[in-house]
Amino acid sequence: MSLGRLNHVGVATPSITASIAMYRDILGADAIGAPFDLPAQGVKVCFIDAPNTQIELIEPYDDSSPIAGFLARNPAGGQHHLCFEVADIHAAIADLTAKGARVLGMPRIGAHGTPIVFVHPRDMGGVLIELMETPAGH
Ligand code: CO
């Protein structure tokens with residue numbers, strides 16, 4: 001695989017509404033998407049555009065969501081993952097697996113409508129890495 005652009009930084013939050021207000025009113029974000037549900041992952045998501053990447057705000061609405069566990073350990077929320085683009089998710093999974101990195105589960109459709117997978121933080125220097133197939137037209 002070849003490392004692509006940083007698509008977004010995932011940030012877990014107990015309140016997307018409060019986080020949107022913080023990014024807008026304190027940090028001056030002016031390109032804030034509408035929050036939407038991602039039922040496969042039990043979360044509500046909202047993307048905030050920065051000039052060179054996005055912030056993905058993630059709020060669980062379901063206690064079975066992995067994000068709920070993260071918030072139990074980090075009640076104020078916090079940085080959750082980094083998402084890099086790859087040209088071909090299946091080729092990336094095969095390459096990572098061959099190199100001994102643990103890919104978590106099968107590819108699923110992520111918040112941008114393209115296949116994603118997560119890679120175990122213990123194999124990624126303590127950082128949860130999301131790989132996302134580059135959206136068409138990018
Ligand atoms: Co993400």
Side-chain angles (χ1 to χ4, degrees):
M1 67 167 277
S2 175
L3 187 67
R5 63 186 285 275
L6 177 67
N7 182 276
H8 63 265
V9 177
V11 173
T13 174
S15 168
I16 277 186
T17 302
S19 290
I20 287 173
M22 190 275 288
Y23 277 89
R24 184 189 58 222
D25 300 338
I26 299 179
L27 287 172
D30 58 8
I32 300 173
F36 61 97
D37 289 346
L38 211 55
Q41 292 162 49
V43 294
K44 187 193 292 188
V45 168
C46 174
F47 283 99
I48 295 177
D49 292 348
N52 60 339
T53 190
Q54 292 182 304
I55 305 299
E56 177 187 36
L57 298 174
I58 315 162
E59 176 188 338
Y61 62 72
D62 181 340
D63 282 346
S64 69
S65 168
I67 300 292
F70 180 90
L71 286 178
R73 296 188 301 277
N74 306 275
Q79 187 192 313
H80 182 260
H81 65 268
L82 299 180
C83 178
F84 293 102
E85 295 182 9
V86 294
D88 179 331
I89 199 95
H90 295 285
I93 290 168
D95 197 18
L96 285 165
T97 303
K99 290 171 178 167
R102 284 165 287 182
V103 173
L104 302 169
M106 299 295 291
R108 55 181 185 268
I109 298 302
H112 287 88
T114 66
I116 63 129
V117 288
F118 286 91
V119 188
H120 202 298
R122 285 203 192 101
D123 298 328
M124 294 284 115
V127 178
L128 180 61
I129 299 287
E130 177 183 2
L131 298 176
M132 165 186 156
E133 216 165 86
T134 304
H138 284 234

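Values below: all heavy atoms of this structure, side chains included; hydrogens, waters and symmetry mates excluded. All ligand and atom numbering here is 1-based and tracks the order in the structure. Given the structure is predicted, the values throughout are model-derived calculations rather than measurements.
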Engineer: Do any of the N/O/S atoms of His80, backbone or side chain, fall under 2.8 Å from the Co ion (ligand 1)?
Structural biologist: no

Engineer: If you look at every heavy atom in Pro115 and Ile109, which pair is closest and at what distance?
Structural biologist: N-CD1, 4.1 Å

Engineer: Of all N, O or S atoms in Glu56, which has the smallest distance to the Co ion (ligand 1)?
Structural biologist: OE1

Engineer: With heavy-atom distances below 4.5 Å as the criterion, would you say the side chains of Leu57 and Tyr23 are in contact?
Structural biologist: yes

Engineer: For Thr13 and Leu71, which heavy atoms make the closest approach, and how far apart are they?
Structural biologist: O-CD1, 3.6 Å

Engineer: Which is the closest N/O/S atom of Glu130 when seen from the Co ion (ligand 1)?
Structural biologist: OE1

Engineer: From Cys83, does some N, O or S atom reach closer than 2.8 Å to the Co ion (ligand 1)?
Structural biologist: no

Engineer: Assign the ring pair His8 / His112 to parallel, tilted or perpendicular, where the plane angle (0 to 90°) is split at 30° and 60°.
Structural biologist: parallel

